[in-house]
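Just below is one structure, and these are the notes that go with it.
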Amino acid sequence: MKQVPEVGHAKTRWSRAGILLATFAVVTITMTINFSPHPLHLKIGDVCPRDYEAPRTVEYINQRATEQEKEKAAKSVGIIYRIDFLSIQQAEDAINGIFKKIREAQYSRASKIEKLSRLKKAVSTQSSAVEFSLEVFATCLAASPSTLSQLEITTKQIVQQVMKEGIRENGLVKARQDVRRMVGSLPLSGRHSRVIEEFAQAMIQPNLVPNWEETERRQQEKMAAVEPVKTVVRRGQIIIHRGEVVQRSHLLTLQALGLYLPQIKWLTTLGLTLLMGLMLLLVGIYVRQGARRYYSDPRTLLLLSTILVLTLLVSKLLFVYCGYFTSNAGYFTAVPAAAMLVAVLLNGPLAFMTTVVLSVLQGVLANFDLRFAVVALVTGIVAIFSVGKVSKRSDLTGASLILCATNGLTILIFGLIRDEAPRQLLSNAAYGLLNGLGCAIFTIGVLPFLEHLFRITTPMKLLELSDPSEPLLRRLLVEAPGTYHHSILVANLADNAAQAIGANGLLARVGAYYHDVGKLRRPYMFAENQFGGENPHDWPRSTGFLRS
């Protein structure tokens, strides 16, 4: 191979930097740009100019329907209430105030009728919800201090017990019924039960208030538990008719089919850009440390860059256009072809590194689906092994059969893991066979162009050069048969010597075939081509030749 400048030369460094930046730019654009062949510019409210039908079957998450289901789930929660314990304390304070006024009236020197009137008026200010009877106040005025204290304590206990269970605005009637039931179960006289019942019913009040924080938390939990609503659009189905007003649902369906030009997602674009930079950095580090002789040659780096870019471009086009016919378009990939090209044109370890990086990017292309990345990785590695001993172009046919079988088998395994239907299994396996065959054909077709364009001498090119029908060898055979025979003998010796020391025997053989082609200019000047005739070097005849 031609010697290249050492690492560190300014020209080489600038060439490498230019190749790296150009590769990064092209790869990033390829990964982020929308390749839709029919981008639309419809907006909500526009009148559709023609019928649009689905070019492929697709299943997607219906965002609008999912949002509606989440709204239903949130409404099903209802308002969550909490008990206002301050209201219980207020009720107890009110009861304390009533019995305080009753005690004050007991010690008053006013007449009984005046005491009852003042007491009813004073207590009515504590609660206007219930009309107290004079009989209740008369019973309280006639009660002993111990009895009055017992009535006060019992009233507060009943109010506290009822209100701690929580009372809503529309539950006040039921709460008063609970008070009557509880009072009826007490071992008290009728007059004393009446006192506790009226005071307790007057003091209880609604004490359940909306707990908006807890309500929102439960609504969020319900919404998070809602499964995304998936919509299936069949191939040939009319998405929107001509003259129909464009709705949001139409745009969502068109976007899922790749027919609607989406808005640029800057954060996604930034993430993809950083990912491309990371992947290319890994390749660059590997080339610099593990394949330094390629790192020193800008021409080789350009070849690797061309293969990377070409593979990503073909893979994305396959995914976009094959996606109109199947939802498993990620199985169509050019990664195995790239693996074979790098393995044949450069070497196996570099091909392995390239395959790993391209497999990751294949998964990114296919909507971050892991199975497509794994299939690309497995088939790419098998492709590297299958071309490891390729010495002629016909050997690529056998490699293609291995690649087809591996691709189909790997896809079949993933189908079994995903519990796909038998028909889908066979369909996906057929996609794998077709993709393997396409990668082999692509490799065979592109390989000669890359060899010629980047002046890479592969084993297949060496075999072509060793063919006796090559014009230069044919001339050597006809015009200098002795030299031709000599070259054959030297080639055999060189081949055996190279194999003995572990060198490239084919390269040594082909070099020996052509090492004496310079003798074609004047073959008769060499003894092996004179066959017993006159030797031009004999004196004095050679003097005239030398003078001429």
Side-chain angles (χ1 to χ4, degrees), residues 31-32 34 42-45 54 57-91 160-175 178 204-233 239-240 245-275 327 330 360 363-373 417-419:
M31 293 291 292
T32 57
N34 179 27
L42 298 175
K43 300 187 297 296
I44 296 177
T57 299
V58 66
E59 181 183 42
Y60 69 97
I61 296 177
N62 192 325
Q63 298 291 348
R64 184 179 182 183
T66 303
E67 290 174 2
Q68 291 176 348
E69 290 297 322
K70 288 184 176 182
E71 290 177 0
K72 291 181 182 178
K75 290 179 179 178
S76 68
V77 172
I79 300 176
I80 306 300
Y81 290 88
R82 63 177 178 84
I83 296 177
D84 182 9
F85 291 97
L86 180 61
S87 63
I88 299 176
Q89 184 62 45
Q90 291 174 347
Q160 186 180 44
Q161 185 175 351
V162 173
M163 293 187 69
K164 279 187 175 180
E165 294 179 358
I167 304 173
R168 295 191 182 184
E169 291 289 344
N170 57 358
L172 192 57
V173 175
K174 180 180 179 302
D178 292 339
I204 62 174
Q205 56 183 323
N207 66 336
L208 285 178
V209 295
N211 189 343
W212 298 116
E213 293 181 359
E214 181 65 17
T215 301
E216 184 178 0
R217 187 185 69 81
R218 295 192 183 184
Q219 287 177 344
Q220 293 296 332
E221 288 180 352
K222 281 282 188 179
M223 293 171 65
V226 174
E227 294 290 335
V229 179
K230 295 184 178 180
T231 301
V232 178
V233 180
I239 306 302
I240 182 171
V245 178
V246 178
Q247 304 293 332
R248 184 187 176 193
S249 59
H250 297 142
L251 297 184
L252 290 174
T253 304
L254 292 171
Q255 186 174 7
L257 289 165
L259 298 178
Y260 177 65
L261 186 62
Q263 295 180 349
I264 298 176
K265 298 180 179 179
W266 294 109
L267 290 179
T268 303
T269 302
L270 177 61
L272 288 174
T273 302
L274 295 176
L275 179 62
S327 59
V360 173
V364 175
L365 279 176
N367 299 324
F368 298 91
D369 198 323
L370 178 63
R371 57 187 170 131
F372 298 134
I417 295 174
R418 291 165 57 86
D419 195 22

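Just the heavy atoms: all of them, side chains too, but no hydrogens, waters or symmetry mates, feed the values below.
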Going through the checks in order, is the side-chain contact (heavy atoms from CB on, under 4.5 Å) test met by Q247 and V245? CA-CA 6 Å; Q247 304 293 332; V245 178; 3.9 Å; yes

Side chains of K222 and K70: closer than 4.5 Å at any heavy-atom pair? no

List the atom of P210, the atom of Y81, and the distance in Å for their closest heavy-atom pair. N-CD2, 3.6 Å

Can you check whether R168 reaches P206 side chain to side chain, under 4.5 Å on heavy atoms? no

How far does OG1 of T253 sit from CG of N62, to the nearest 0.5 angstrom? 6.5 Å

Salt bridge check: are K75 and E71 linked by an N-O gap of less than 4.0 Å? no

Any T231 side-chain heavy atom under 4.5 Å of E59 side chain: no

Taking the basic N atoms (NZ, or NE/NH1/NH2) and the acidic carboxylate oxygens, is any pair closer than 4.0 Å for R248 and E67? yes

Rounded to the nearest 0.5 Å, how far does CG of L208 lie from CG of N170? 10.0 Å

Side chain to side chain contact (heavy atoms under 4.5 Å, CB included) partner of V77, chosen from E214, Q220, Q219: Q219

May I ask you to check whether over 12 heavy atoms, not counting those of E216, lie within 6.0 Å of atom CD? no

Tell me if a side-chain donor or acceptor on D84 pairs with a main-chain N or O of V209 at a distance below 3.5 Å. no

What's the spacing between L252 CG and I239 CD1 if we round to 0.5 Å? 11.5 Å

Give a yes or no on whether the backbone of I80 and the side-chain of T215 come within a donor-acceptor separation of less than 3.5 Å. yes

Can you give me the closest heavy-atom contact between M163 and S87, atom names plus distance? CE-OG, 3.6 Å

Might you work through the side-chain contact (heavy atoms from CB on, under 4.5 Å) test for I88 and K164, ending with a clear yes or no? CA-CA 8 Å; I88 299 176; K164 279 187 175 180; 3.8 Å; yes

Quick test of your reading of the model: are R217 and E213 salt-bridged, counting only N-O distances below 4.0 Å? no

For G166 and I83, work out which heavy atoms get closest and say how close. N-CD1, 4.0 Å

Could you tell me which non-hydrogen atom of L275 sits nearest to which non-hydrogen atom of V364, and how far apart they are? CD2-CG2, 3.6 Å

Straight-line distance of S76 OG to M223 CE, nearest 0.5 Å: 11.0 Å

Nearest heavy atoms of V226 and A73, plus distance in Å: CG2-CB, 3.7 Å

Please examine the side chains of F85 and N207, heavy atoms only from C-beta on, and report whether any two atoms are closer than 4.5 Å. no

For the CG atom of L365 and the CE atom of M31, what is their distance to the nearest 0.5 Å? 4.0 Å

Looking at V229, is its backbone amide N or carbonyl O close enough to the side chain of T66 to form a donor-acceptor pair, meaning the two atoms are under 3.5 Å apart? yes

